[in-house]
Amino acid sequence: QVQLVESGGGLVQPGGSLRLSCTASERTYSTYALAWFRQAPGEGREYVAASSWKGGASHYADSIKGRFTISRDDAANTVYLQMNNLKPEDTAIYYCAANRIILTTPGYAYWGQGTQVTVSS
C-alpha cells in the first residue's frame, strides 16, 4: 500500500522560511515520482514542484521558481520542499503526491493528508 506522510507546516512571517517533509513507504519512494501541490482556500489544487524517481531530476512551477527547492534523502525515503522568502499568497495546504511519471496537473495516483502553511505577520 502506498503511504505518504507530510510534516513541517506552520505559521511563518512574510520573508521567512519553512521546510516541508514527505516520507514515503520504501516501494513508493524507489519507483515513483514525488511532487508537491498546494491548495489555498476556495482555489483548486496547484502544482508546485516534482522530483523524478530515476536520477532525481526536478521540475518547478514558474510561480515559485527561485524561492522553493525540492530535494530527496534516499536513505530516509523522504522528499523535502525548502520554501524561502515566503509570501502571504503562499498560504495553503501543501500536499505530497506520488505517480509513475511527473505531471503538472493533479492527476497523481496517491496523496498524503496535507500540511497547513500560513504566511502572515
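Computed from a prediction, not measured in an experiment: that's the story for all the values here.
The shortest side-chain heavy-atom distance between Y94 and Q116 does not fall under the 4.5 Å cut-off. Counting heavy atoms from C-beta outward, L20 and V117 have side chains that approach closer than 4.5 Å. Looking at I64 and R38, their side chains come closer than 4.5 Å, going by heavy atoms from C-beta outward. N99 is not listed as a side-chain neighbour of L34, based on a closest heavy-atom distance of 4.5 Å or more. Contact of the E46 side chain with the P106 side chain is not registered, since no non-hydrogen atoms from C-beta on lie closer than 4.5 Å. Counting only heavy atoms from C-beta outward, the side chains of V79 and C96 approach each other to under 4.5 Å.
In this structure S7 satisfies the side-chain hydrogen bond (donor to acceptor under 3.5 Å, both in side chains) test with no other residue, sequence neighbours excluded. Applying the side-chain hydrogen bond (donor to acceptor under 3.5 Å, both in side chains) test to R19 and every residue at least two apart in sequence or in another chain returns nothing. Not counting sequence neighbours, the partners of S17 by the side-chain hydrogen bond (donor to acceptor under 3.5 Å, both in side chains) test are N84. Scanning for side-chain hydrogen bond (donor to acceptor under 3.5 Å, both in side chains) contacts around N85 gives an empty result, with sequence neighbours left out.
Minimum interatomic distance between G44 and Q39 (heavy atoms only, all atoms of both residues): O-CG, 3.8 Å. In terms of heavy atoms, A50 sits closest to A35 at CB-CB, 3.7 Å. Between L86 and R67, the shortest heavy-atom distance links the atoms CA-NH1, 3.9 Å. Of all non-hydrogen atoms in R72 and S51, the two that sit nearest each other are CD-OG, 2.9 Å.
Taken from CG in D90 to OG in S120, the straight-line distance is 12.5 Å, to the nearest 0.5 Å.
Using a 4.5 Å cut-off between side-chain heavy atoms of Ile, Leu, Val, Met, Phe, Trp and Tyr, F37 falls into a hydrophobic cluster with Y47, I93, Y95, I101, I102, L103, Y108, W111.
When only modelled atom types and interatomic distance are considered, T23 and T78 share a side-chain donor-acceptor pair under 3.5 Å.
A donor-acceptor pair under 3.5 Å links the side-chain atoms of S52 to the main chain of A57, judged by distance alone. At least one donor-acceptor pair under 3.5 Å links the side chain of Y60 to the backbone N or O of I70. Side chain of T91 to backbone of T118: no donor-acceptor contact under 3.5 angstrom is found. At distances below 3.5 Å, not a single donor-acceptor pair connects side-chain atoms of Q3 with backbone N or O atoms of A24. A donor-acceptor pair is defined here as one N or O able to donate and one able to accept, closer than 3.5 Å; no such pair exists between the side chain of Q113 and the backbone of V5.
Aromatic ring pairs are classed by plane angle as parallel below 30°, tilted from 30° to 60° and perpendicular above 60°; the pair Y32 and Y110 is perpendicular.
The stretch residues 57-66 participates, sequence neighbours left out, in these salt bridge (Lys or Arg N to Asp or Glu O under 4.0 Å) pairs: D62-K65.
Tracing side-chain contacts under 4.5 Å through hydrophobic residues (I, L, V, M, F, W, Y), one reaches V12 starting from L81; they form part of the same cluster.
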Could you give me the CA-CA distance, side-chain angles and deciding distance for Q13 and V119, then say whether side chain to side chain contact (heavy atoms under 4.5 Å, CB included) is met? CA-CA 5 Å; Q13 292 186 340; V119 185; over 6 Å; no
